[in-house]
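Accompanying notes for the structure given below.
Throughout, numbering of the chain's residues begins at 1 and tracks the sequence. First listed ligand is number 1; within each ligand, the first listed atom is number 1.
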Amino acid sequence: MTDDIRVRMAPGPTGYFHIGRSRAAVLNWLFARHTGGKFVLRIEDTDQDRSREEFLHSILDSLRWLGIHWDEGPEAGGPYGPYFQMGRLDTYRDYADRLLATGHAYRCYCTPEELDALRREAEAERRPFRYPGTCRALTPEQQAAFEADGREAAIRLRVPDHGTTGWDDLILGQVTYANDEIGDFVIRRSNGIPLYNFTVTIDDLTMRITDVIRGQDHISNTPKQILIYQALGEPTPRFGHYPLIVSPEGKKIGARFGAKPVSGLALDGYLPEAVFNYIATLGVTYEGDREIFTRDELVRLFDIGRVSRSPAIFDPDKLDWMNGLYIRNLPPDEFVSRSLPFLEARGLISSPPTPSEIAYVKAALVLEQERVKTLAETVEAVEFFLQEDITYDPALLVPKKGTLADSVRVVDAAMDVTNSLSEWTVEALEAAFRALVDRLGLKTGVAFMTLRVAVTGRTYAPPLFDTMAVLGRERVMRRLGGAQVALQNWERAEPTAVQ
Ligand code: GLU
């Protein structure tokens, strides 16, 4: 029975396919895979003024990047095409004619000015605007007169004056609307363009969609769509409306994630598997508090009834955390190969990198794998390994609890150690430098900070001796020399600082 399940997502190519919109894809895809059903992609391109090719690509690229395969739709084809609404105008016309013929819809000749006047009247009386049914019962003669006048008719659905329209929502439970709150609504404009509630219903009907899962922003459309199914004498699909996502402050999600295509997150260094995991678990529980799942586990455990009824919080920090976790779990070679393009793009290594660059960068990257949250962060994290010259902030070479004189001593002595060390390993480096600090009678933390700044140019870096081991003797020598010069210059510039 379950292999009859058919779900869809129906984006309009009128804006970037951002995180919020991709949720429709993730949830519908999980539902389809869980039930062994089909996931259909349909493009709502009837808004020709706003539809753009670039946005269509952003939808398709983003889905592909997330690893979401559509069973039917653009490029994939399928038995219920075309999958672009502009290719389905004849079908909409046929169904509109059918509704006119059965009297479930009628032609409305009201002009925009007349409707505006009614709307203003309602506003003045502080009541919600409902179309009063002016054209509901026009005689053929009256219609002919309007047509002779050059008026073009819109088509409205005749909505029952009384009663209610409701459904048992897969996520929200029972939802009911009073019909008299809905009013006869336009299904096709006077310029012949069919409107969303009508086209989406005809599409879902003719594509045999069994479950419509979409955002709660569409909830007030659903009674209208149900009324269309009823007018056509067709059974309605099941509906599920998930709450939208909001920022941790309860607002719309910001530009960083709200206004760019999901596939663009690749350039920011997010892993598609992490983003998929995050979107899939946003406002959905699978197994207790657990948040990290493989794609197969998500498919197996997905249950539409476990989608939360309250808004899901999109927290960029949480996404970063999850991305970092996925990065840590990558096999080192894969982490390296996925990071290289970021370093190439910044010109830190050649493009393509040479084998010796790869080997060096790999040793450096592996030290950072635990720490970076996005692949883009690897640039900043390993930059200092690759720079020929380090520019020093001399003040950093003298830590808070240290003195200029001590910094000079430790850097000078470090040069001797570096020069004479017989074995260039983490262990040998550590033993030699600890002994050195003891010999000079300095505080380890302070002296090591000076050395860290000397060899990396910064106060924050991976463990000192791992870093030195990767940098190699020559680079360490050169950098200690650079630090020495920086300290001397400082000494000259600020003699009073010498203690
Ligand atoms: N184009 C609509 C949207 O992307 C489709 C809504 C629906 O799923 O019915 O929001």
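Under 3.5 Å, the side chains of Arg21 and Ser62 contain no donor-acceptor pair of N or O atoms.
Taking the six-membered ring where the residue is Trp, Phe146 and Tyr109 present parallel rings, their angle staying beneath 30° rather than reaching 60°. Classification of the Tyr16-Phe55 ring pair by plane angle, with boundaries at 30° and 60°, yields perpendicular.
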Which pairs of N or O atoms, one from ligand 1 and one from the protein, are separated by less than 3.5 Å, and what is the distance for each pair?
from	atom 1	to	atom 2	distance (Å)
ligand 1	1 (N)	Ala10	O	2.7
ligand 1	1 (N)	Glu44	OE1	2.7
ligand 1	8 (O)	Arg8	NH1	2.6
ligand 1	8 (O)	Arg8	NH2	3.4
ligand 1	9 (O)	Arg8	NH2	3.0
ligand 1	9 (O)	Tyr196	OH	2.6
ligand 1	9 (O)	Arg214	NH1	2.8
ligand 1	10 (O)	His218	NE2	2.7

List, one per line, each side-chain donor-acceptor pair under 3.5 Å for residues 153-164, sequence neighbours excluded.
from	atom 1	to	atom 2	distance (Å)
Arg156	NH1	Asp184	O	2.9
Arg158	NE	Gly103	O	2.8
Asp161	OD1	Arg136	NH1	3.2
Asp161	OD1	Arg136	NH2	3.3
Asp161	OD2	Arg136	NH1	3.4

Output side-chain donor-acceptor pairs under 3.5 Å for residues 226-234, partner residues at least two apart or in another chain, one line each.
none

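Among pairs with a residue in residues 312-358, those fulfilling ring-ring contact (aromatic ring centres under 6.0 Å, His included) read Phe257-Phe314, Tyr278-Phe314, at least two apart in sequence or across chains.
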